[in-house]
Trainee: 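What follows is a single structure, and I will ask about it in a moment.
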Amino acid sequence: MLDRKYIVANASAVKANCENRNVPHEVDQLLELETQRRDMLRQVEELNRQANAVSKTIGQAKDEQEREERKANGRDLRAQKDAAQTQHDELDLKIRELELRLPNMAHPEAPIGEDDKSNLELGRGKHAPREFDFPPQDHVEIAKQWDWIDFEGGARTSGAGFYFLKGDLVLLDLAIQQYAVSELVRRGFIPMTTPDLAQDSILEGIGFMPRGPETQVYSIENSNLSLIGTAEITLGGLYSGETFDAETLPLKLCGISHCFRTEAGAAGRASKGLYRVHQFTKIEMFVFCLPDQSDALHQELKQIECDLFDAIEVPFRVVDTATGDLGGPAYRKYDLEAWMPGRGEAGEWGEVTSTSNCTDYQARRLNVRYKQKETKGTHFVHTLNGTAFALSRALISVLENHQNRDGSVNVPEALQPYLSGRKQIGG
RNA sequence: GGAGGAGUGGCAGAGUGGUUGAAUGCGGCGGUCUUGAAAACCGUUGAGCGUGCGAGCGUUCCGGGGGUUCGAAUCCCUCCUCCUCCGCCA
């Protein structure tokens, strides 16, 4: 959510931003309603002031008759105030609905473009895509050879898009998680396991739309809870309504959670094997910080993602997301796309991580503030998030890039300590 | 699941219908004293919104929502959270 005063003062920039992002807007209507609301607010406060003044004189009334007259006067003023208040609240609600649909402003250097075709490649990882001297298999084939993934069992118990991991692949999965968590802890992140469900109000604050026709998340019937699509939701909601002391920021959190996605409308999109599933585990980075820290922290999160994928020796490229492809809350977003040799005809890049600077957009919706010593008042913090590893896709990248001719898979050195020192699985 | 109790400012803790945004203490900040520090003493110390160049003024907020009343931290209803005891359970 944008600051209402900012929208009023910068209406043309807000409109231009919506157009760059391919989001329809009703800024003009919002401005009109806001003008009305302010008038109404002034009326409400004036009536309230008068009513309060009358109330204070009632105790000092000189006789019963004067007392009753003043009471009647007070009643009348309160009634007028209530009527004005109701009008004000209706206007406020309409404005808020419009505001909630406005996306965050975009970073001035973010590439402008309609969709992901305008995304800008910023660089590559340390490892170039491998030249195979044998036809590489995709992860589904590799896993099948060693009975590492049971898709049929997943479908039987839970439906299409669910799966069981088995055997050594589970150990690899855990090794990646442990490696990521220890690396993040080393870099000052506090490890946290989070609830896998959150209240809808928190989802909305983060920028998800639970229960809409295009919802990405599963909701629990007869409750206001939804399964989280990412730990960003719970970590971001963790301090909703709270005020940080400025010295305690930046606060870096590392969330370990399951992620649930309906993937509604994703049918037909590249979705083989583990690539697009309804549930996966994710190690997520989340940061609360001061406004002047968020740009640098965004670079830091991007760098951590690069370091992690370099460490597991997976080739990747970094992409600066175009305005039209940014989610609503993001001011700027970088994606890492890993090389997946088994994808498409002869390998393709596939998104494996994403890091966003959401500036104060989520903080305003969730009411997360900071307070600086010596200065009056509070301000909204900035929030950032980034994927360390989404395990489903990380596993694809490791299996496909480190496969051998016989289907065995080399364990990247960085992961070996977390896999009993083993250098290979399968075979 | 059953029975009780409690939710007030950064914290602790008064306040049960009318200048109470809220006593008091602690903490924080400023000052006096001191070579310096401590102690002591004095002063100061919540946030949101509106309005004004500004000092300020107005308004809202005592877990959330609703109600009674001219007026609610204070009375009523409801929800949430926490604590204690009992039961059940990984």
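Residue numbers start from 1 in every chain, and the chains themselves are labelled A, B, ... in the order their sequence lines are given, proteins ahead of strands. Computation of the quantities below employed the complete heavy-atom set of this structure, encompassing side-chain atoms and omitting hydrogens, waters and symmetry-equivalent molecules.
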Trainee: For the C1' atoms, the ones on B:A90 and on B:A73, what distance do you get once it is rounded to whole angstrom?
Mentor: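 Straight-line distance between the two C1' atoms is 42 Å.
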Trainee: Does the gap between the ring centers of A:F380 and A:Y361 come in under 6.0 Å?
Mentor: no
Trainee: Could you list the residues that satisfy ring pair (Phe, Tyr, Trp, His ring centres under 6.0 Å) with A:F316, not counting sequence neighbours?
Mentor: none
Trainee: Can you confirm whether the side chains of A:D200 and A:S219 place a donor and an acceptor under 3.5 Å from each other?
Mentor: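 Their side chains do not contain a donor-acceptor pair, so the 3.5 Å distance test is not met.
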Trainee: Would you check if there is a donor-acceptor pair between the side chains of A:H258 and A:D196 at a distance under 3.5 Å?
Mentor: yes
Trainee: Whole angstrom is fine here: how far is it from NZ in A:K371 over to C1' in B:G9?
Mentor: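 The answer, rounded to whole Å, is 12 Å.
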Trainee: Nearest whole Å is fine: how far is B:G46 C1' from A:E242 CD?
Mentor: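 Computing the A:E242:CD to B:G46:C1' distance gives 15 Å.
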Trainee: So what's the dot-bracket for RNA chain B: Watson-Crick or G-U pairs under 3.5 Å, [ ] if a pair crosses, | if it pairs off-strand?
Mentor: ((((((((.[[[..)..(.....]]]((((((.......))))))((((((....)))))).[[[[[..)....]]]]])))))))....
Trainee: Please indicate whether A:Q65 has more than 12 foreign heavy atoms, meaning atoms of other residues, nucleotides or ligands, lying under 6.0 Å from its CD.
Mentor: no
Trainee: I want to know whether A:Y331 and A:H382 have ring centres closer than 6.0 Å.
Mentor: no
Trainee: Over all heavy atoms of both residues, which pair between A:E204 and A:R365 is shortest? Give the atoms and the distance, please.
Mentor: O-NH1, 2.6 Å
Trainee: What is the distance from CZ of A:R37 to C1' of B:G50, rounded to the nearest Å?
Mentor: 9 Å
Trainee: Classify A:K81 by what it touches in the nucleic acid, base, sugar-phosphate, or nothing, heavy-atom distance under 4.0 Å.
Mentor: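 Nothing, no heavy atom under 4.0 Å.
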Trainee: Toward the 5' end of RNA chain B, which comes first, A:R49 or A:T378, by nearest nucleotide?
Mentor: A:T378
Trainee: Between C1' on B:C80 and CG on A:N224, what's the gap in Å once rounded to a whole number?
Mentor: 11 Å
Trainee: Is the terminal nitrogen or CZ of A:R343 (NZ for Lys, CZ for Arg) located under 6.0 angstrom from the six-membered ring centre of A:Y275 and within 45° of that ring's axis?
Mentor: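 Pair A:R343/A:Y275 counts as cation-pi.
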Trainee: Determine the interatomic distance between C1' on B:G1 and the same-named atom on B:C88; round to the nearest Å.
Mentor: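 The answer is 8 Å between these two C1' atoms.
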Trainee: Tell me the interatomic distance from A:I95, atom CD1, to B:C49, atom P, rounded to whole angstroms.
Mentor: 15 Å
Trainee: Quick check on contacts: within residues 38-47 of chain A, what sits under 4.0 Å from RNA chain B by heavy-atom distance?
Mentor: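 A:R38, A:L41, A:R42, A:E45, in order of number.
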Trainee: Mind checking side chain to side chain contact (heavy atoms under 4.5 Å, CB included) for A:A53 and listing every partner two or more places apart, or none if nothing turns up?
Mentor: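 Testing A:A53 for side chain to side chain contact (heavy atoms under 4.5 Å, CB included), a comparison that skips the adjacent residues, returns none.
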Trainee: Less than 4.0 Å between a side-chain N and a carboxylate O, is that true for A:D245 and A:K371?
Mentor: no
Trainee: Counting primed atoms plus P, OP1 and OP2 as sugar-phosphate and everything else as base, spell out the protein contacts along nucleotides 62-74 of chain B at 4.0 Å heavy-atom distance: B, S or - for each nucleotide, 5' to 3'.
Mentor: --------BS---
Trainee: In whole angstroms, how far is the P atom of B:G50 from the CG atom of A:D3?
Mentor: 9 Å
Trainee: Here's a test of your reading of the structure: between A:H379 and A:N48, which maps to the more 5' nucleotide of RNA chain B?
Mentor: A:H379
Trainee: Rounded to the Å, how far apart are A:Q50 CD and B:U59 C1'?
Mentor: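 Computing the A:Q50:CD to B:U59:C1' distance gives 13 Å.
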Trainee: Hey, can you pull the residues of residues 198-210 of chain A with a non-hydrogen atom under 4.0 angstrom from RNA chain B?
Mentor: none
Trainee: Check whether NZ of the Lys or CZ of the Arg A:R369 lies under 6.0 Å from the centre of the six-membered ring of A:F244 and within 45 degrees of that ring's axis.
Mentor: no
Trainee: For nucleotides B:G17 and B:G27, find the distance between their P atoms and express it as a whole number of Å.
Mentor: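 Pairwise P distance, B:G17 against B:G27, rounds to 34 Å.
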Trainee: Considering only NZ, NE, NH1 and NH2 on the basic side and carboxylate oxygens on the acidic side, decide whether A:E46 and A:R42 come within less than 4.0 Å.
Mentor: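 Salt bridge: no.
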Trainee: Are A:F260 and A:H278, when compared by the centres of their aromatic rings, separated by less than 6.0 Å?
Mentor: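 Ring-ring flag for A:F260/A:H278: false, centres at least 6.0 Å apart.
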Trainee: How long is the line joining OH of A:Y370 and P of B:G10, in whole Å?
Mentor: 18 Å
Trainee: Let me see the working for A:F162 and A:F164 under ring-ring contact (aromatic ring centres under 6.0 Å, His included), right down to the final yes or no.
Mentor: CA-CA 7 Å; A:F162 292 92; A:F164 289 76; 9.8 Å; no
